[in-house]
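We name chains A, B, ... by the order of the sequence lines, and we start the count at 1 in each one. Just so it is clear, the structure is predicted and the values come from calculations on it, not from any experiment.
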Protein chains: 2
Amino acid sequence: MSEEKAFLTAYRAKDYPRPSVAVDLVILTIVDAQLRVLLVKRKEHPFMGQWALPGGFVRVGEGPIEQGEDLDEAAKRELKEETGLDPERVYLEQLYTFGKAGRDPRLRVITVAYYALVRPDLAPFVKAGGDASDVEWFDVVAVPKLKLGFDHDEIVEMSLQRIRGKLEYTNIAFDLVPATFTIPELRHVHGVVLGKPMDPGNFRRSFNRWLEEGRLELAPGKRITTSKPAAVYRFKRARD
Amino acid sequence: MSEEKAFLTAYRAKDYPRPSVAVDLVILTIVDAQLRVLLVKRKEHPFMGQWALPGGFVRVGEGPIEQGEDLDEAAKRELKEETGLDPERVYLEQLYTFGKAGRDPRLRVITVAYYALVRPDLAPFVKAGGDASDVEWFDVVAVPKLKLGFDHDEIVEMSLQRIRGKLEYTNIAFDLVPATFTIPELRHVHGVVLGKPMDPGNFRRSFNRWLEEGRLELAPGKRITTSKPAAVYRFKRARD
DNA sequence: TAAATAGTGTCTATGAGACATTATGTA
DNA sequence: TACATAATGTCTCATAGACACTATTTA
């Protein structure tokens, strides 16, 4: 045991250059019937003045005991810092790690990308959209035109692929809809994410399956509309 | 000690502490009708004497121009070093990044895990299996009993999940089979990966679909067996 | 010819896609 | 009542699972 301790101390001597490790976030929500991603305008070089994903460096401790924050913690912290939202109320998942040499012209940065799904009723609380704001929700279809800094176009694109794939076999769509929702509303979310409208009848069939499986339940109330109001449902899960 | 303290202070001044970044490999193949993973016995602390995944640190350059190797390059290099195989002949894909604080007791290490699929006809060329070897192919079902070092159990488990999921909608099974193969052979690969035998008739039906889609083609020759020999196929792809 | 395995065919259940039809609320 | 949209129903096709059956090669 003392042998191991000695080794640990000696280990510090042989050290190689290390990269900086960052966490970048693809924060998505639906505003005005469009899938949108939160971008920040860079105030420093490189890519000054261009839009980019929010993110920051992972806080790393000095020694073997205090090693700093977990990657997931770092992602939650960044999410909180950038949006002010409670990370526990937002779906957050690691996406992929981007580590090409030269992707940051300053120094070697390896970035672990996460994507987050923000329920649209929480989106207004995000400090974005002001007049001279440097934080804004952009329609994802507009992203290619924006010429994001770094390789962030690629990161956004990959997260879209991911959520499109997961839409069918997971619950993630419910993280893009308010706490209560109607069938047409949820159908619209699917349509917006997939980029094509869903058939009302077929979608309802899937919806009824989820209902039978107990993933959903009828909620009290109805939607106020200009014609026939739709029934309101809620997701059935331990959710505070 | 004061010398070190001075160094650390100076270091902190110009930058934040950085983690070491490693690449760990889940190298899989099929030997003797079992899905196996390549493990190495650790010769140093921590976890000395225990089995663990092969891996190593990413080579990072010092300055903004020479930033070192890409993550994918690092994975290929490690694969080559550990197996002697040509990385271009092996399927290699990034899996997930593991970055919990404390997962390496020495210092903060963030590891980007990759998994590799080695065709079984190439597996014998891997320098493993010798008498006093510290490199060995283990049946994946035995992994939990081995008590791997670090969080490597978790990494192996996640890669199994990944390839099981990808088995249905991708071509990855063809990377676990020799250049030419029979239907029963490929069926067996699916069965071994999924952990349950596949129905011959139903599997053949899927196989015929792939054939019609042009992903496969009949190859000359037949398999030598003790009964009726099976027809031999090959994967249709630019492959050298 | 017997044994063994390759290969074929069938029945059923499930789910997706397209699309027609009915029901129910508001203005 | 007219209109808009919610909600239901139907037809077809593709695929998965279970399983019975036939064909072909070797020993």
Review point. side-chain contact (heavy atoms from CB on, under 4.5 Å) with B:Val90: which residues, sequence neighbours excluded?
Key: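 Listed in chain order: B:Leu79, B:Leu85, B:Ala116, B:Val118.
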
Tell me the salt bridge (charged side-chain N to carboxylate O under 4.0 Å, His left out) pairs involving [range], sequence neighbours left out?
{"range": "residues 192-203 of chain A", "answer": "none"}
{"range": "residues 22-36 of chain A", "answer": "none"}
{"range": "residues 142-157 of chain B", "answer": "B:Arg103-B:Asp151"}

Practice item. Would you check if A:Leu216 and A:Phe174 make a side-chain contact, meaning some heavy-atom pair closer than 4.5 Å? Key: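 Result yes, sub-4.5 Å side-chain heavy-atom pair found.
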
**Study point:** Bounds of contact between DNA chain C and chain B, in 5' to 3' order, using a heavy-atom cut-off under 4.0 Å
**Key:**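 Answer, 5' to 3': C:dA4 to C:dT10.
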
Study note, to complete from the structure: Given protein heavy atoms under 4.0 Å, the one-letter contact record of nucleotides 3-13 of chain D, with B base, S sugar-phosphate only and - none, is simply -BBBBBBB---

Practice item. May I have the step-by-step check of salt bridge (charged side-chain N to carboxylate O under 4.0 Å, His left out) for A:Lys41 and A:Glu136, ending in yes or no? Key: CA-CA 8 Å; A:Lys41 188 175 269 178; A:Glu136 222 175 302; over 6 Å; no

Practice item. Show the numbers, then the answer: is there a ring-ring contact (aromatic ring centres under 6.0 Å, His included) between A:Phe207 and A:Tyr233? Key: CA-CA 10 Å; A:Phe207 191 94; A:Tyr233 297 85; 4.9 Å; yes

